[in-house]
Amino acid sequence: MVSRTPLILLACGSFNPITNMHMRLFELARDHLQKTGRYQVIEGIMSPVNDDYRKKGLVSAKHRIAMAKLALETSDWIRVDPWESEQETWTETVKVLRHHYNESLRLLQSKKEFMKNKWPIERSTEDPLSYQHSDSQFRIHQSSSQDSSTVNNKVLPELKLLCGADFLQTFKTPNLWKEEHIKEIVEKFGLVCISRAGSDPAQYISESDLLTQFQHNIFLVKEWIQNEISATQIRYALCRGLSVKYLIPDSVISYIARHNIYTEESERENEGDLLQPLKLHNTTVNPLND
């Protein structure tokens with residue numbers, strides 16, 4: 001029997017607020033990837049963006065993290081990770097991927113040492129596996145379905161970015177992405193894109209030489225039960241005092257009501273501002289919607 005490559009799914013985004021569809025993306029992706037016979041999905045990670053991203057209507061990461069934790073209490077394999085939101089400033093997506101890949105290697109190394117020495121080891125402050133922030137100094141190992149590479153008889157995990165299919169279209173937005181970062185994401189990590197009404201991911205790929213080159217590492221997943229829940233529309237409904245029951249978990253609805261999070265005032269947060277990546281490039285492109 002051919003061993004499957006362990007795979008971690010990472011979703012980066014606002015999660016403002018987390019919706020049932022956000023969680024549904026993980027389930028769809030896991031089903032699709034495991035049916036290929038190549039992968040065993042071992043974990044899902046939700047990484048809320050830093051407040052410094054400057055997106056219109058973006059509430060504090062403190063609340064977005066808390067709501068995601070409440071929503072994911074019913075999942076035995078998806079978790080929210082606060083690392084990205086806790087950085088001093090906005091962090092480019094490729095660096096978030098590097099961080100979580102490095103953490104997966106750290107865990108693998110720790111398990112190896114535990115089995116070798118038969119006792120737990122404390123996490124060292126000097127991590128031999130930690131990456132350098134310089135793009136040129138960071139390398140990740142790729143494994144293939146035919147010959148999964150190993151370290152000390154341990155199959156290296158893969159990490160892929162989970163997204164909605166319309167995410168591919170953002171690669172065309174001037175100054176939103178660095179070309180070398182797009183290349184690293186699709187070549188070294190890979191994408192898992194869930195279909196969304198009004199988006200044609202196959203066309204986005206065909207229109208891009210770079211995405212076409214690495215399309216073998218882009219998994220397109222069909223959502224047969226259309227579910228177009230929008231976090232933006234949920235915020236609008238909350239501002240108008242309308243019900244959002246069955247669109248987001250009850251625990252999240254209770255949290256929102258208790259902290260009075262989504263209001264007309266919160267929707268004006270960062271109004272007229274540029275997304276941080278666009279601001280860094282001194283561009284005048286309008287912020288993206290959810």
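Remark: the backbone N or O of Ile225 is paired with a side-chain donor or acceptor of Glu223 at under 3.5 angstrom. In terms of modelled atom types and a separation under 3.5 Å, the side chain of Thr212 and the main chain of Ile205 share a donor-acceptor contact. The closest donor-acceptor contact from the side chain of Asn50 to the backbone of Gln87 lies under 3.5 Å.
In this structure, the side chains of Leu242 and Tyr236 stay at 4.5 Å or more apart for every pair of heavy atoms. For the pair Asn102/Arg106, a side-chain contact is recorded, criterion being any heavy-atom separation below 4.5 Å from C-beta on. Put simply, the side chain of Val49 does not reach to within 4.5 Å of the side chain of Cys12, judged on heavy atoms.
For the pair Glu180 and Lys183, the salt-bridge criterion is not met [side-chain N within less than 4.0 Å of a carboxylate O].
In terms of the side-chain hydrogen bond (donor to acceptor under 3.5 Å, both in side chains) criterion, Glu86 has no residue partners (sequence neighbours excluded). Scored by the side-chain hydrogen bond (donor to acceptor under 3.5 Å, both in side chains) test, Thr36 finds no partners at all (sequence neighbours excluded). Under the rule for a side-chain contact (heavy atoms from CB on, under 4.5 Å), Glu269 has no partner lying at least two apart in sequence or in another chain. By the salt bridge (Lys or Arg N to Asp or Glu O under 4.0 Å) test, Glu267 pairs with Arg235, sequence neighbours left out. Listed by chain and number, the residues in a side-chain hydrogen bond (donor to acceptor under 3.5 Å, both in side chains) with Ser47 are Glu84 (sequence neighbours excluded). By the salt bridge (Lys or Arg N to Asp or Glu O under 4.0 Å) test, Lys62 pairs with no residue at all, sequence neighbours left out. Every residue was checked against the side-chain contact (heavy atoms from CB on, under 4.5 Å) condition with Glu88, not counting sequence neighbours, and none meets it. Residues satisfying the side-chain hydrogen bond (donor to acceptor under 3.5 Å, both in side chains) test with Asp81, not counting sequence neighbours, are Arg79. For the ring pair (Phe, Tyr, Trp, His ring centres under 6.0 Å) test, no residue two or more places apart in sequence or in another chain qualifies with Phe214. Looking at residues two or more places apart in sequence or on another chain, you find a side-chain contact (heavy atoms from CB on, under 4.5 Å) between Ala29 and Leu9, Leu162, Val192, Ile194. Residues forming a salt bridge (Lys or Arg N to Asp or Glu O under 4.0 Å) with Lys245 (at least two apart in sequence, or on another chain): Asp250.
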**Request:** Please test Tyr53 against Gln276 for side chain to side chain donor-acceptor pair (under 3.5 Å), starting from the C-alpha separation and ending with a verdict.
**Result:** CA-CA 5 Å; Tyr53 191 53; Gln276 187 63 12; over 6 Å; no

Acceptor/donor pairs from residues 67-77 side chains to any protein atom, 3.5 angstrom cut, sequence neighbours excluded:
from, atom 1, to, atom 2, distance (Å)
Ser75, OG, Trp77, N, 3.2
Ser75, OG, Ile78, N, 3.0
Trp77, NE1, Glu27, OE2, 3.1

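By the 30° and 60° cut-offs, the orientation of the rings of His259 relative to His63 is tilted.
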